[in-house]
Amino acid sequence: MTLFRFILALVLAGGGCLFMLLAGVGLVRMPDVLTRMHASSKAATLGAALVVAAVAVAMWDWAIALRAVLVSLFLLITAPVAAHAIARASYLAGVPLAEETVMDELAGRYDPASHELSGTGSGSTGPT
């Protein structure tokens, strides 16, 4: 491995570890499930993608690079879906929002029995 590839892999892995550490700190420090979900889905996804990229750079093989790209794409596609599912499930379960929350746009508009939004407001109606 050349020195440039080694340094690049080290920087990518270090950046990935830093983002995953920030995601862990966000899980501990954030006040409610929605902000914890936001911290973990954004920072941990970027951190994992950077670590996978570091492995691809360090190994310097096309098969590993293709797998790294596919793993990163899978993470980037599934993390927002998982975060949305967690947020929706927590709201339906009645998990309280943080005291600092200023506005709850779904309060009084969401029917837990049918899982539909009411027609008030400027947005469209129907299932989310």
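As the structure is a prediction and not an experimental result, all values here were calculated from the model.
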Query raised in the report: Honestly curious: do Leu50 and Val57 fall in one hydrophobic cluster under the side-chain, below-4.5 Å linking rule?
Result: yes
Report task. Quick one: pull up OG1 in Thr35 and CD in Glu100 and give me the separation to the nearest 0.5 Å. Result -> 8.5 Å
Query raised in the report: Looking only at heavy atoms, what is the nearest atom pair of Met20 and Val51, with distance?
Result: CE-CG2, 3.4 Å
Query - Residue of the set Met30, His38, Met37 for which side chain to side chain contact (heavy atoms under 4.5 Å, CB included) holds with Leu34 - result: Met37
Query - CG on Leu27 to CG on Leu22, rounded to 0.5 Å - result: 11.0 Å
Under 3.5 Å, side-chain donor or acceptor atoms of residues 7-17 against the rest of the protein: list the pairs with distances, not counting sequence neighbours.
none

Under 3.5 Å, sequence neighbours excluded: what are the donor-acceptor pairs made by side chains of residues 58-83?
| residue | atom | partner | partner atom | Å |
| --- | --- | --- | --- | --- |
| Ser72 | OG | Ala68 | O | 3.0 |
| Thr78 | OG1 | Phe74 | O | 2.7 |

**Report entry** Donor-acceptor pair, side chain of Ser90 and main chain of Ala87, under 3.5 angstrom
**Finding:** yes
Donor-acceptor pairs under 3.5 angstrom involving side-chain atoms of residues 91-99: please list them, not counting sequence neighbours.
| residue | atom | partner | partner atom | Å |
| --- | --- | --- | --- | --- |
| Tyr91 | OH | Asp104 | OD1 | 3.3 |
| Tyr91 | OH | Asp104 | OD2 | 3.1 |
| Tyr91 | OH | Ala107 | N | 3.3 |

Query raised in the report: Taking a hydrophobic cluster as the set of Ile, Leu, Val, Met, Phe, Trp and Tyr residues connected by side-chain heavy atoms closer than 4.5 Å, whether directly or through intermediates, do Val55 and Leu3 fall within one such cluster?
Result: no
